[in-house]
Amino acid sequence: MLQILGYADRLVAAPGETIRFMVSVAGSRPYRAEIVRIIHGDANPAGPGLKLRPVETAVTGSYQGREQHADAGSFMRVPDHPKLRPDGAFTVLAMAWPTTPALERQALIGQWQASTASGWALEILQGELALRLGDGRQSQLIRTGKAMGARRWYLLAASIDPAAGLVSLVQRPLQHYPHIDDSASLTATLDLAPATPPTDLLLAGQALPDSRIEQHYNGKLDSPVLFDRALALEELDAAFLRPMPEALRRSLIAAWDFGQAIPSTRVVDLGPHGLDAQLVNLPARAMKGWNWDGGAMRWTDRPEHYGAIHFHDDDLHDCGWQADFALTLPADLPSGAYAAHVWLEDGAAAEDYITFFVRPPRGPAGKQGRPKAAFLVPTASYLAYANDHSHLDAEGAEMLMGRLLVYQPTDLYLQEHRELGLALYDTHSDGSGVCYSAAQRPILNLRPKYASWLGAHGSGLWQFNADTHLFDWLDHEGIEVDFITDEDLEAEGVSLLEPYRVILTGTHPEYHSKRMSDAMLAWLGQGGRLMYLGANGWYWRIAWHQSLPGVIEVRRAEDGIRTWAAEPGEYFHSFSGEFGGLWRRNGRPPNVVVGLGFSAQGFDLSSYYRRQPGSHDPRVGFIFEGVDDEIIGDFGLVGGGAAGLELDRADQALGTPPNLLVLASSENHTDLILVVSEEVNVMTPDLTGSQSPLVRADLAFFETPAGGAVFSVGSIAWCGSLSHNGYANNVARITGNVLRRFLAPEPFTG
Amino acid sequence: MSYQIDPRRDRELVDEFRQRPIGQHSPNLQRVLNTLRGGPLKGKYVLVCTKPFAEWVLARHPGERGQPIELLPDQRFTSLEEAEWAVFRLRWLAHTGEELN
Ligand SMILES: [Fe+2]
């Protein structure tokens with residue numbers, strides 16, 4: 001198992017800035033650290049092999065390791081406040097939509113201190129609403145005796161009345177079904193006078209003595225509210241009216257409104273004491289509330305109908321570990337991909353690579369004397385796939401791959417250590433989709449050497465490590481490029497791209513916000529030259545968190561290849577209010593940006609391209625200089641060919657520019673390469689590689705009006721062929737021909 | 001419903017798989033493979049890479065999050081194709097009661 005692992009406090013930094021590295025070592029053993037530049041992360045002996053070049057920095061040295069742990073599970077915290085500790089009567093209410101009600105014990109809301117048996121806590125115990133009370137010596141537990149169902153709304157309430165010596169519980173489904181016995185209302189004798197300790201009030205979790213949070217709740221909560229008296233049964237409904245009736249307002253301690261401040265981690269209290277709360281570990285916001293009636297599909301239209309937060313026991317934002325060492329990036333450190341390599345000193349063969357990217361200096365200094373080409377690091381797409389569990393959790397993964405799933409040691413660790421958080425492809429433990437991903441955690445598939453279950457027979461690389469095939473080729477060719485990232489593009493817009501004549505993409509730049517997409521289109525409009533060296537790009541629309549760095553959101557709305565589907569009415573990003581889903585469904589298909597759009601996918605073997613008439617057009621003579629072959633890329637480390645995994649094709653009906661030339665098209669794909677779902681409105685039995693004309697990658701070129709151009713390969717596997725035959729092959733030749741011409745100042749004539 | 005393997009009719013597909021475990025298959029073999037590769041996660045055969053690009057060990061999925069993957073260290077392979085054939089035989093036996101060799 002992994003004995004050492006870590007993360008950096010950010011994925012990208014500029015010279016002069018400082019990156020902190022957090023490391024955890026099982027058994028707190030000593031370890032060594034060193035910075036390496038990542039040139040080639042593919043250990044496949046059929047290729048050029050690993051190229052990780054040590055860089056001498058102040059980091060080099062020995063360190064005393066320590067064990068650090070991630071504490072997954074989202075919850076809400078209200079700092080302790082005297083008004084939160086009524087010493088007499090009180091009532092607590094909330095609407096709840098539990099997704100795993102049958103679990104042993106889930107905390108809904110309370111101020112409970114287990115070590116002293118004091119306070120109060122509303123919980124769900126094996127489906128039953130329960131109230132736990134303690135006076136510092138002993139505790140009392142009252143439960144309804146009726147099990148709630150999953151994914152149904154319930155009004156839940158508990159009140160105590162010490163003067164009358166009574167405690168009441170209400171568990172009322174908002175929808176009744178004949179023969180379903182899930183409703184309860186009971187009153188019992190209060191055995192003790194609860195004494196609330198001075199602890200924070202928590203929602204969806206309880207604090208352990210060591211301050212970890214446990215007893216997480218899966219499901220939605222809506223409108224939690226506290227009153228300083230025991231409400232009568234007939235008053236309960238009115239507690240959810242907004243504005244709240246005056247008779248209730250007078251008794252109000254706090255009423256948290258999840259429909260406000262939705263893009264943030266703040267929760268607003270409508271009550272008299274301003275007991276605003278903080279959300280921890282990014283539970284899902286902009287969720288349909290108990291009162292959602294279909295009148296609004298967009299939360300910004302009727303936020304009062306989106307008063308629910310969906311909590312999950314496996315949500316994670318920032319591990320919050322102690323930093324072990326820091327690196328202030330030297331001014332002369334070349335822009336590129338790097339990692340802090342950490343390994344145990346006792347010869348245990350345990351190591352980790354904490355990957356980060358060095359961008360050009362910020363401000364004017366970063367715009368002068370730079371290379372004319374830049375690699376746009378798809379950090380949003382890396383985050384989308386961060387700690388992907390699909391191969392561990394999805395029943396259909398092997399059938400999709402058409403080959404046995406291969407697990408790496410890190411995968412075995414992920415299977416057992418769910419606390420490292422999920423990818424945007426995963427579902428939570430309750431089956432709901434994961435819509436947020438954050439950078440502040442060990443990301444076990446964002447590192448050199450990692451071979452993915454997903455990346456086709458052969459090297460088996462996906463995303464970051466697959467992109468190192470391109471880094472390696474650039475290094476071999478001696479072509480210097482700047483590394484700029486998605487998050488820089490989000491922050492700086494087109495000005496980030498303006499210093500460059502050429503932008504190269506990675507193998508799978510799939511996730512883009514509107515700002516990122518706008519910036520790319522603006523730069524192309526100024527004459528930029530884009531080399532799209534992958535496929536399934538500009539596919540999902542995302543939103544970046546407005547204040548937390550390195551946090552993205554996706555809503556898998558409506559259409560497309562989806563490992564989960566957003567619930568109807570929850571298609572709009574909580575971070576931005578924008579409609580989510582495919583860019584194609586947002587009126588901006590990838591064809592508009594790169595000339596091609598997603599057409600087919602499959603993960604067994606790759607194939608080759610055959611030249612098309614467009615390749616003989618004099619406009620593209622430069623691309624085929626020195627290439628006489630009809631067949632392009634019938635070799636490679638990724639599935640044995642340059643056309644594979646995910647394939648894009650040209651289609652003017654979807655926005656492909658009419659002047660685009662198809663230079664080559666792939667063919668002879670296996671029947672496990674299938675047409676993508678957004679292409680299929682009516683199912684027909686010919687949607688596979690040997691039968692469908694849509695199962696192909698197009699190699700394409702077009703000029704833009706301002707003298708720029710776009711070259712698109714439409715295949716994730718392309719870069720895996722660059723190193724074949726000592727880098728002397730038609731894929732490398734074509735890529736080099738394009739890059740050299742794109743770097744030349746002469747405009748492309750329209 | 002999912003396809004039920006008929007060992008008499010489908011026996012002729014076994015050789016095709018053995019020749020080429022990964023890659024294009026006839027529609028009839030693909031149908032058999034879909035059945036063999038389908039089914040629940042619990043107990044599903046997977047491979048664990050023990051030496052990068054050199055050695056793999058057979059393992060079974062526990063079917064539950066958080067539970068360890070069960071390694072079967074007696075079943076060690078030096079190529080993925082060899083592993084595919086071994087798992088094909090195990091699954092064929094489970095579906096049909098027939099041993100393949
Ligand atoms: Fe993807």
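Letters A, B, ... are given to chains in the order of the sequence lines, protein chains preceding strands, and every chain is numbered from 1.
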* Interchain contact, A:Thr688 with chain B, by part (heavy-atom threshold 4.5 Å) -> neither
* Taking only residues at least two apart or on different chains, which pairs with a member in residues 48-85 of chain B satisfy ring pair (Phe, Tyr, Trp, His ring centres under 6.0 Å)? -> B:Trp85-B:Phe88
* Asked: Going through the distances and angles, do A:His457 and B:Leu80 end up as a side-chain contact (heavy atoms from CB on, under 4.5 Å)?
  -> CA-CA 9 Å; A:His457 197 41; B:Leu80 291 168; 3.6 Å; yes
* **Heavy-atom proximity to chain A below 4.5 Å, by part of B:Pro62** => side chain
* To do: Specify the closest pair of heavy atoms between A:Pro409 and B:Cys49, including all atoms of both residues, with the distance to one decimal.
  => CD-O, 3.9 Å
* Tell me, out of A:Asp314, A:Asn44, A:Leu392, A:Leu414, who's got the most heavy-atom pairs with chain B below 4.5 Å. => A:Asn44
* Partner chain A: residue of B:Leu33, B:Val48, B:Val87, B:Leu36 with the largest heavy-atom pair count (under 4.5 Å) -> B:Val48
* To do: Using non-hydrogen atoms and a 4.5 Å limit, figure out which bit of A:Leu404 sits close to chain B: side chain, backbone, both or neither.
  => both
* Side chain, backbone, both or neither of A:Asp411 within contact of chain B (heavy atoms, under 4.5 Å) -> neither
* Apply side-chain contact (heavy atoms from CB on, under 4.5 Å) to B:Lys44 and A:Glu398, showing your working. => CA-CA 9 Å; B:Lys44 196 182 275 284; A:Glu398 184 190 343; 3.9 Å; yes
* Picking from B:Ala83, B:Gly23, B:Ala59, B:Pro21, which has the most non-hydrogen pairs under 4.5 angstrom with chain A? -> B:Gly23
* **Spacing of CG belonging to B:Leu71 relative to CG belonging to A:Leu412, to within rounding of 0.5 Å** => 6.5 Å
* For B:Arg37 and A:Gly402, indicate whether the former's side chain and the latter's backbone hold a donor-acceptor pair under 3.5 Å. => yes
* To do: Would you mind telling me which of A:Ile673, A:Val406, A:Asn668 has the largest number of heavy-atom pairs within less than 4.5 Å of chain B?
  => A:Val406
* State, yes or no, whether a side-chain contact exists between B:Gln30 and A:Leu672 at a heavy-atom distance under 4.5 Å. => yes
* A:Arg418 versus chain B, heavy atoms under 4.5 Å apart: side chain, backbone, both or neither? -> side chain
* How close do B:Glu64 and A:Gln415 get, heavy atom to heavy atom, and via which atoms? -> O-NE2, 2.8 Å
* Using a cut-off of under 4.5 Å for heavy-atom pairs, which of A:Ser459, A:Gly689, A:Ser690 has the most such pairs with chain B? -> A:Ser459
* Is there a donor-acceptor pair closer than 3.5 Å between any side-chain N or O of B:Gln24 and the backbone N or O of A:Asp671? -> yes
* Structure fact -> The reported gap from OH in A:Tyr407 to CG in B:Leu47 (rounded to nearest 0.5 angstrom) is 10.0 Å
* **Over all atoms of both residues, closest heavy-atom pair of B:Asn34 and A:Met399** => O-CE, 3.3 Å
* Structure fact -> Rounded to the nearest 0.5 Å, the CZ atom of B:Arg65 sits from the CD atom of A:Glu416 at a distance of 15.0 Å
* Over 12 foreign heavy atoms within 6.0 Å of CZ, B:Arg9 -> yes
* To do: Please step through side-chain contact (heavy atoms from CB on, under 4.5 Å) for the pair B:Lys42 and A:Glu395, ending with a clear verdict.
  => CA-CA 9 Å; B:Lys42 188 174 169 57; A:Glu395 207 168 88; over 6 Å; no
* A:Ala394 versus chain B, the contacting section by heavy-atom distance below 4.5 Å -> backbone
* **Contacts with chain A made by residues 91-101 of chain B (heavy-atom distance under 4.5 Å), listed by residue number** => B:Arg91
